[in-house]
Asks: 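I am attaching a structure below and will ask some questions about it afterwards.
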Amino acid sequence: MNVRGPIVSVGEARTVSTSYGERDLREVRVRPDRGAGEPVDVTLWGKWTETAEHAETGMELLVTEAEADEYRGETGYATTDESWVVLQPDFLVDVTGIRSWVQCPRMYYLNKLSGIPLNYPVVKGTVVHEVFGDLLRGMELEESVEDRVADAGLELGLLGYETEEVEDEVRRNAAAVEGWLAQGTLSDDDTWRSEFTLISPTFGLKGRADALRRGTPVELKTGKNTKREPRFHDKVQAACYALMLDERGVDPDIGTLLYTKNTALDRNEESGDLAPAKEFTVGRGFLEFVVRERNALAAMEWRALNDPGERPTVPTGYEADATCSYCFEQDACMVVSGRLDQESKAGQIGTAVPDAERDYFDRFYVALEEERRETHAEYRKLWEQTPEERAADDRALIDLEPVAQTEIADRRWELRARKPDDAVSKLREGDVALASDGDPVSGHGELGRITELGSDVVVVETDEPVELRRLDVYPSEISVDRSLTALHDAVLKGSESRKDVLFGRREPEFREPADRPAGSPGSDGPDAPDAYIDNNEAQNEAVELAVDAEDCALIHGPPGTGKTYTIARTIRALVAEGNRVLLSAFTNRAVDNALEALRDQGFEEWVASARPDGAGETGGILRVGTETGVREDMQDVRLVQRGDPNAKAAELRDAPVVAATTATCGSRVMRECDFDVALVDEASQLTEPGTHAAVNLADRFVLVGDHEQLPPVVRAENDLRTSLFQRLIETYPDASVMLDRQYRMSQRIQAFASAEFYDGALRPATPEVAGQTLADLGVDPDGLAPELTGGVGFVDPDGERDGNRNVREAERVAAIVEAYVAAGVDPDDVGVIAPFRAQVAEIGRRTDVTVDTVDRFQGSSKAVIVVSLVATGDLDGPIFEDHRRVNVALTRAKKQLTIVGDADALGSDPFYARMLDWARR
DNA sequence: GCTCTGCCAAGAGGA
């Protein structure tokens with residue numbers, strides 16, 4: 001049986017005499033059933049005592065195949081020959097993490113901090129891996145090599161490599177693979193699979209095996225190894241995959257490592273074993289070793305968040321016996337130790353950063369690791385929830401019926417399935433998702449991208465075919481990983497002057513208007529125009545602040561104040577002065593919206609005339625992002641990474657304006673770029689590390705946002721919840737401008753938000769804006785109930801909240817929409833907003849107009865908005881506690897806002913009571 | 001008890 005639960009106490013190590021001779025043991029007391037049961041003692045025998053050394057009270061312990069033993073009248077448990085002992089099984093360790101941990105625990109830590117940099121061996125290694133996959137799928141070597149090298153055009157160009165030399169090298173590597181494949185017994189039972197995604201609930205492991213051959217793992221290494229034995233850490237990696245296959249009952253007895261640089265060409269040069277393939281036995285003892293190492297890693301990660309010390313526990317290098325002088329990371333290791341004043345086996349070099357910076361680093365390191373745990377909790381739901389629960393949680397589409405598996409271009413597969421009509425989920429077209437045969441964890445699962453999601457059909461593209469019966473949200477750690485790297489770059493690589501501002505040691509500085517280049521608005525020149533933007537003082541001031549900023553500028557843009565327009569003017573003004581500008585935002589949608597405003601103002605035509613030599617291929621604008629992420633109308637300026645290396649690198653290096661999400665800014669390609677100014681939109685929705693990802697790439701930065709609207713989306717409760725935008729605007733009010741004239745809402749609609757969130761400073765830009773009404777839409781207000789007119793109204797349908805729905809309220813909302821449409825309002829001019837997805841779905845079934853959650857509505861508006869608040873009885877719940885969400889909901893309407901909710905519930909809270917008073921006035 | 005977007009992953013090198 002399995003024993004699993006939090007550890008209550010860990011006993012002393014003992015050695016006892018048994019019938020098998022002297023044996024070590026250690027007792028660990030746990031509360032089984034995940035803490036629900038009475039404490040029991042579990043005896044860990046033999047080498048599992050090493051894992052017990054890492055165990056601490058509070059950690060979770062899992063012992064599989066334990067046997068019950070009676071000792072002094074008490075029932076306890078003990079490990080058997082078949083037992084696995086796993087610490088913190090909920091912590092999902094990546095297989096490549098174990099690989100580096102085994103080399104040196106500190107290397108694991110350093111890799112986490114600085115990510116995989118852009119360097120040639122990595123890029124080449126990736127290309128060879130892809131060619132390997134192609135060969136397994138039966139493609140011709142030559143065709144594959146050309147194709148895959150072309151795909152890597154941009155990265156190779158940034159590294160200064162030419163197509164031919166890379167092709168030659170990849171060809172040599174691939175030839176070794178091909179030769180080995182050819183001499184193998186490619187008979188019927190020589191079954192191959194490439195790229196196998198594995199997640200292990202038992203061992204707390206995840207990873208992707210390069211290939212499986214007859215059920216045994218094959219790892220490709222693009223290096224040379226003339227030793228008889230494979231490198232130890234390579235074996236460890238392959239053994240991890242073997243372990244996970246073992247859990248699925250495959251029981252592989254060997255692992256294969258394929259060193260592609262072991263070719264005949266080298267045969268003259270040196271002696272040694274030059275066969276590219278090296279097989280090794282995967283015995284029980286080796287697998288146990290791998291599990292123990294994984295436990296040590298997971299225990300360290302637990303201590304990072306739980307040890308009572310002032311600073312998070314990080315590896316020092318003393319945990320292992322690697323020799324620092326042999327290590328290629330030695331310099332990096334010493335620099336990190338020196339700068340962050342960490343103890344390390346390699347020693348320290350350089351001066352430590354000030355305490356405030358070190359504390360900041362520690363604080364956000366912990367916060368990001370907490371966020372990682374929350375992501376792991378999402379993974380756990382893949383196997384802990386039943387498919388039905390998963391579907392009810394909106395995280396999966398189940399009961400799909402496979403219709404077709406078609407091989408398409410690039411040796412990928414298109415999987416098509418019928419889906420039940422009413423199935424809803426948070427999955428959307430373009431998302432990366434886990435396609436499976438019904439069981440994503442112990443069955444067959446493949447990572448793929450959703451290319452079509454209709455009412456009764458779903459299409460996914462994957463590397464390998466799967467019977468598509470279920471599609472799950474795939475929780476990715478990429479955001480945490482890139483944020484960690486951005487944090488590292490900001491604190492350890494950031495300039496002193498930048499950090500002076502970030503850490504409150506110096507006020508941001510600004511250039512005098514007189515110092516602007518001749519001809520710029522406000523400069524002394526004869527032809528200088530008066531302003532960057534006429535007829536809106538605050539907007540003009542915002543552009544001035546941004547172009548004059550020596551460090552940073554903060555633009556506060558409440559709803560409807562022309563934020564996007566101001567951004568477009570700012571970018572143009574910056575480029576006019578010869579700056580190279582990075583435009584970023586959290587979402588693809590925000591990036592594309594800002595780009596759209598820039599293009600609508602004729603930016604490209606202006607660049608062509610103002611900077612004829614510097615416009616680059618895409619007319620001055622380059623959008624970096626995935627094909628599915630970038631909106632259709634921006635595809636023409638999207639950077640295609642495939643192509644001639646030099647041309648591709650030049651495109652990225654020379655574009656005056658580059659636009660990308662902050663996640664993309666943290667990618668290894670973007671980390672190679674530099675800019676004069678980074679302008680970040682919707683900065684109030686970004687965490688501090690997320691903002692760093694963009695601003696790290698530039699000398700100066702401009703943040704645009706509104707901290708009275710939605711905050712960053714994070715799962716953990718910690719420092720990540722406050723944006724850098726908010727912190728800086730509170731620290732340096734003088735470095736900010738608030739856009740105070742709004743072009744969206746009538747006077748009546750904006751009044752509440754202005755008073756509650758903007759100290760009454762928000763006002764309509766013109767009398768026309770202030771005075772707009774339903775009548776402007778050609779509607780006769782007399783044909784509508786009085787509470788549906790007059791700018792703002794309130795309706796209490798006397799419904800009942802049921803979970804996150806309120807059916808009666810949904811019916812009433814649909815009826816109200818119906819009334820507006822009947823009165824002559826174009827359905828396109830009506831929008832419905834609700835706080836819960838369930839209520840959105842409930843209302844969506846009853847009307848054809850746009851219905852969405854508050855979060856999804858941020859950034860857009862409609863002439864008529866109906867808000868469904870759902871709550872009855874009381875207003876308990878996080879969603880109602882954050883008033884910023886209400887601010888967003890109430891400021892989407894231009895001419896008419898109708899609030900639907902329960903008057904009693906709203907009256908029970910002072911804020912909502914004020915809202916009610918305003919709505920009923 | 002809730003809302004939400006990012007984005008696949010991948011590494012050579014030696015005593």
Side-chain angles (χ1 to χ4, degrees), chain A residues 94-96 99-100 103 111 116-130 132-133 152 195 197 206-210 219-225 227 231 233-234 237 259-261 322-323 325-329 375 394 426 428 430-434 446-449 461-463 473-483 585-590 625-626 628-629 660-668 682 685-686 690 693 710-715 801 803-804 834-840 852-858 870-871 876-882 884-885 888:
Chain A
D94 204 272
V95 169
T96 50
R99 176 192 151 97
S100 55
Q103 289 181 77
N111 285 351
I116 300 176
L118 185 67
N119 62 28
Y120 181 63
V122 175
V123 177
K124 187 197 71 186
T126 308
V127 172
V128 175
H129 273 81
E130 285 165 344
F132 177 47
E195 300 288 7
T197 303
K206 65 183 164 68
R208 232 153 98 117
D210 285 341
E219 257 312 288
L220 189 72
K221 296 291 158 197
T222 13
K224 175 156 49 176
N225 179 0
K227 303 272 165 49
R231 261 189 287 273
H233 49 258
D234 293 341
Q237 187 177 356
Y259 292 94
T260 61
K261 231 178 170 181
T323 311
S325 57
Y326 298 152
C327 177
F328 290 87
E329 304 290 344
T375 311
D394 291 348
K426 56 194 294 184
R428 266 167 303 144
D431 284 357
V432 170
L434 191 56
E446 286 281 338
L447 227 48
R449 199 180 281 280
E461 268 183 41
T462 55
D463 286 341
V473 170
Y474 186 74
S476 168
E477 284 180 52
I478 191 152
S479 161
V480 170
D481 287 338
R482 290 193 175 168
S483 295
F586 181 52
T587 61
N588 275 308
R589 199 182 55 193
T626 58
T628 44
T661 59
T662 48
T664 299
C665 287
S667 69
R668 66 177 187 213
E682 294 193 355
Q685 284 193 75
L686 278 166
L710 296 176
V713 172
V714 285
R715 297 184 179 93
R801 176 171 174 178
N804 291 327
F836 307 110
R837 226 174 20 231
Q839 181 74 349
V840 166
D852 232 324
T853 55
V854 183
D855 303 64
R856 299 277 286 275
F857 240 103
Q858 175 152 335
V870 182
D876 279 356
I879 206 135
F880 296 105
E881 277 161 21
D882 194 339
R884 290 174 290 190
R885 187 168 270 106
V888 174

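Lettering of chains follows the sequences in order, A, B, ..., and the numbering in each one begins at 1.
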Asks: Looking only at side-chain atoms of R837(A), point me to the closest of dT5(B), dC8(B), dT3(B).
Replies: dT3(B)
Asks: Taking 4.0 angstrom as the limit, do K206(A) and E477(A) come out as a salt bridge?
Replies: yes
Asks: Name the nucleic acid region contacted by F836(A), choosing base, sugar-phosphate or nothing; use a 4.0 angstrom heavy-atom cut-off, strictly under.
Replies: sugar-phosphate
Asks: Name the nucleic acid region contacted by N588(A), choosing base, sugar-phosphate or nothing; use a 4.0 angstrom heavy-atom cut-off, strictly under.
Replies: sugar-phosphate
Asks: So how far is it from R449(A) CZ to T626(A) OG1, rounded to the nearest 0.5 Å?
Replies: 5.0 Å
Asks: Answer yes or no: is there a side-chain heavy-atom contact under 4.5 Å between S479(A) and T375(A)?
Replies: no
Asks: How would you label the contact of R885(A) with the nucleic acid (heavy atoms, under 4.0 Å): base, sugar-phosphate, or nothing?
Replies: base
Asks: On a heavy-atom basis, which atom in R801(A) and which in F836(A) lie closest, and how many Å separate them?
Replies: NH2-CZ, 3.5 Å
Asks: Which part of the nucleic acid, if any, lies within contact of T664(A), taking any heavy atom under 4.0 Å across all strands shown: a base, the sugar-phosphate backbone alone, or nothing?
Replies: sugar-phosphate
Asks: What nucleic acid atoms does R428(A) come within less than 4.0 Å of, heavy atoms only: base, sugar-phosphate, or nothing?
Replies: sugar-phosphate
Asks: Measuring from E682(A):CD to L710(A):CG, what's the distance to the nearest 0.5 Å?
Replies: 9.5 Å
Asks: When we call it a touch if two heavy atoms are under 4.0 Å apart, what does P835(A) touch: a base, just sugar-phosphate, or nothing?
Replies: sugar-phosphate
Asks: Assign G133(A) to base, sugar-phosphate, or nothing according to its heavy-atom contacts below 4.0 angstrom with the strands shown.
Replies: nothing
Asks: Please classify the nucleic acid contact of T587(A) as base, sugar-phosphate, or nothing, using heavy-atom distances under 4.0 Å.
Replies: sugar-phosphate
Asks: Any chance you could lay out the side-chain contact (heavy atoms from CB on, under 4.5 Å) test for I879(A) and R885(A), step after step, and finish with the verdict?
Replies: CA-CA 8 Å; I879(A) 206 135; R885(A) 187 168 270 106; 3.7 Å; yes
Asks: Using both pair distances under 3.5 Å as the test, note the stems of at least 3 consecutive Watson-Crick or G-U pairs that include DNA chain B.
Replies: none
Asks: What is the per-nucleotide protein-contact pattern of nucleotides 9-15 of chain B, from the 5' end, where B denotes a base atom under 4.0 Å from a protein heavy atom, S denotes such proximity for sugar-phosphate atoms only, and - denotes neither?
Replies: -BBBBBB
Asks: Only counting residues at least two apart or in another chain, list the ones meeting side-chain contact (heavy atoms from CB on, under 4.5 Å) with T96(A).
Replies: D94(A), Q237(A)
